[in-house]
Asks: 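Can you read through this structure? Questions will come right after.
Just so it is clear, the values below take in all heavy atoms, side chains as well, and ignore hydrogens, waters and symmetry mates. Chain letters run A, B, ... following the sequence lines, proteins first and then strands; every chain starts at 1. What you see is a predicted model; the values in this text were computed from it and never measured.
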There are 2 protein chains.
Amino acid sequence: MAKPGQPSRPRSDHSGPETGTRQALVDAAIETLHEEGFAGASARAIARRAGCNQALVFYYFGSVVDLLLAALDAVSQARFVRYSAAVEVVTNPADLLAVAVDVFREDLDAGYATVLVEMIAGASSTPGLGAEVARRIAPWADFAESAVSSALADSPLRAMVPTGEVAHAIVALYLGLEMLANLDGDRGRATALFGHLALLVSAFEALSPRLMQRENR
Amino acid sequence: MAKPGQPSRPRSDHSGPETGTRQALVDAAIETLHEEGFAGASARAIARRAGCNQALVFYYFGSVVDLLLAALDAVSQARFVRYSAAVEVVTNPADLLAVAVDVFREDLDAGYATVLVEMIAGASSTPGLGAEVARRIAPWADFAESAVSSALADSPLRAMVPTGEVAHAIVALYLGLEMLANLDGDRGRATALFGHLALLVSAFEALSPRLMQRENR
DNA sequence: GTCTATACTTGGATAGAC
DNA sequence: GTCTATCCAAGTATAGAC
């Protein structure tokens, strides 16, 4: 499955931020997906942003879609690290919402969420791309599910919440909010929602013991 | 604002389904956005599906994006009619969820939801397209808001729900669920959620009188 | 590793025959 | 109104100089 076009690159044996051309192309791909969308993410457009020649896209990645998938990988890995650290301290739904709004705003501003959206939406234009994208999206849903599970661990809500479906809905909401925020340029609309959601959850939690009585009867 | 390329067309003075080439192109555009995405929706690809010549795209619509916007208009209008009829009989949240799942499944199967998603995601590739798409999405949020309002009219939930933000979230969830459904080809995951949402709403409604007491204190 | 040059393909758009 | 023919721009990808 390893493309022959893959050159013997240095690939960062230190742990600092990568500065090579390969990384510049990945960064430029993220930026281009954010700024011009999947349809505008050509080898030329990306290379222009990376400040290098168009041919290097093919030298390093073999094809444009493979570069875009590498960008998706980079975003997934980077955000997974960030999410894991943020969620580690969370033990209840209210805290989870609080960190979610921070992290989500970062994803919006940096264009990370756009990368997901554009790759999913663009997947149908290229045979086989859908499966590749799906494989890379799956960890996000898994992460959301475990975050929900652990946040509800001590909550009576836990028994009545299907964590898998909630996680699926969270990912969907994440994608949808990003789309709308990117369309009208208003990040506030998206993040304001979290505040009301927090109210709702805490209100629900306060009442849930009585609710449990009813549900378990 | 009227494009000069607009021919003097018959434009259906009867009320049956349109059968002309213009309508065939709109239908083909919807289908192409569904099947191949925004990036794959070229004049040639659409014309092939419509069974006519590529030049007719420009004869009727002036440009490809204008055809795609016409497709978005067609979907919006058609679904608005359908939604209005469906929601007319709804007076409570549970009923609203019940009709929502039916209508949403139609949108998924017919590719109507994909048209929204692809146009929003593709908007960033063409200057000015974002504003045009946003104008055409707004009615959906307005509709969702009025549906939520009327469904909650007799409910004690009404006072504590910010209908505008809920509507925004519903549209976002709609878009996100469509993306995921289209990616993994599993409509069930999306619609199963509605069942649990219905449970949650009814449970919350049953308890809301007591909740109102707390909130209003 | 990076560039130039180039071959090839696809797509947007127009002109003009019918 | 529909088609053929065509032009031009942009994109993917490769070869080869440096």
Side-chain angles (χ1 to χ4, degrees), chain A residues 3-13 18-29 32-33 35-71 118 122 124-129, chain B residues 3-13 18-29 32-33 35-71 118 122 124-129:
Chain A
K3 289 279 172 63
Q6 227 78 309
S8 57
R9 71 248 172 205
R11 251 299 195 188
S12 90
D13 26 11
E18 288 211 31
T19 52
T21 298
R22 187 193 173 87
Q23 184 63 30
L25 281 170
V26 171
D27 292 342
T32 307
L33 282 172
E35 243 43 79
E36 311 188 44
F38 182 91
S42 67
R44 288 177 150 89
I46 296 171
R48 191 181 333 121
R49 268 202 161 77
C52 72
N53 191 275
Q54 164 258 152
L56 293 180
V57 168
F58 305 96
Y59 172 73
Y60 279 107
F61 300 94
S63 72
V64 175
V65 291
D66 283 340
L67 166 53
L68 297 178
L69 284 173
E118 291 295 331
S124 50
S125 72
T126 307
L129 182 53
Chain B
K3 290 280 173 62
Q6 227 77 310
S8 57
R9 69 247 175 212
R11 252 299 197 185
S12 90
D13 29 9
E18 290 210 29
T19 52
T21 298
R22 187 192 173 88
Q23 182 63 30
L25 281 170
V26 171
D27 292 342
T32 307
L33 282 173
E35 241 46 77
E36 311 188 45
F38 181 92
S42 66
R44 289 175 153 89
I46 296 171
R48 193 183 329 123
R49 268 202 161 79
C52 72
N53 192 277
Q54 166 256 150
L56 293 181
V57 168
F58 305 96
Y59 173 73
Y60 279 108
F61 300 94
S63 73
V64 175
V65 290
D66 284 341
L67 166 53
L68 297 179
L69 284 172
E118 291 294 332
S124 50
S125 73
T126 308
L129 183 53

Asks: Give a yes/no answer on whether the side chain of A:Ser42 brings an N or O atom under 4.0 Å of OP1 or OP2 in D:dA10.
Replies: no

Asks: Nearest 0.5 Å, please: how far is CZ in A:Arg48 from CG in A:Asn53?
Replies: 12.5 Å

Asks: With respect to the side chain of B:Val64, which nucleotide from D:dT4, C:dT2, C:dG12 is positioned closest?
Replies: C:dG12

Asks: Between C:dC3, C:dT2, D:dT4, which nucleotide gets closest to the side-chain atoms of B:Asn53?
Replies: D:dT4

Asks: How many Å lie between CD1 on A:Ile46 and P on C:dT2, as a whole number?
Replies: 16 Å

Asks: Starting from C1' on C:dG11, measure out to CG on B:Leu68 and report it in whole angstrom.
Replies: 13 Å

Asks: Of the non-hydrogen atoms in B:Leu25 and B:Cys52, which two are nearest, and what is the gap between them?
Replies: CD2-SG, 3.8 Å

Asks: Base, sugar-phosphate alone, or nothing: which one does B:Val57 contact when heavy atoms must sit under 4.0 Å apart?
Replies: nothing

Asks: Quick one: do B:Leu68 and B:Phe38 satisfy side chain to side chain contact (heavy atoms under 4.5 Å, CB included)? Show the steps, please.
Replies: CA-CA 9 Å; B:Leu68 297 179; B:Phe38 181 92; 3.8 Å; yes

Asks: Can you tell which of C:dA13, C:dC3, D:dA13 lies closest to the side chain of B:Gln54?
Replies: C:dA13

Asks: Please state how far atom CG in A:Leu56 lies from atom P in C:dG1, giving the value in whole angstrom units.
Replies: 10 Å

Asks: Where is the tightest heavy-atom contact between B:Ser125 and A:Gly40, given as atom of each residue plus distance?
Replies: CB-N, 4.0 Å

Asks: Nearest nucleotide by nearest heavy atom, which residue falls closer to the 5' end of DNA chain D, B:Gly51 or A:Gly40?
Replies: B:Gly51

Asks: Indicate, with a heavy-atom threshold strictly under 4.0 Å, whether B:Ala55 touches base, sugar-phosphate, or nothing.
Replies: base

Asks: The side chain of B:Ala43 lies closest to which of these nucleotides: C:dT2, C:dC3, C:dG12?
Replies: C:dG12

Asks: Would you mind reading off the distance between B:Phe38 atom CZ and C:dG12 atom C1', rounded to a whole angstrom?
Replies: 13 Å

Asks: Rounded to whole Å, please give me the gap between CZ in B:Arg44 and P in D:dT6.
Replies: 14 Å

Asks: Would you tell me if any nitrogen or oxygen in the side chain of A:Tyr60 comes within less than 4.0 Å of OP1 or OP2 on C:dT2?
Replies: yes

Asks: Measure CD/B:Gln23 against C1'/D:dT2 and give the value in whole Å, please.
Replies: 18 Å

Asks: For B:Phe58 and D:dG1, what is the distance between atoms CZ and C1' respectively, to the nearest whole Å?
Replies: 17 Å

Asks: May I have the distance from B:Phe61 (atom CZ) to C:dT14 (atom P), rounded to whole angstrom?
Replies: 16 Å

Asks: May I ask you to verify if any side-chain N or O of A:Thr21 is less than 4.0 angstrom from the OP1 or OP2 atom of C:dT2?
Replies: yes

Asks: Is there side-chain contact between A:Ile46 and A:Leu33, with at least one heavy-atom pair below 4.5 Å?
Replies: no

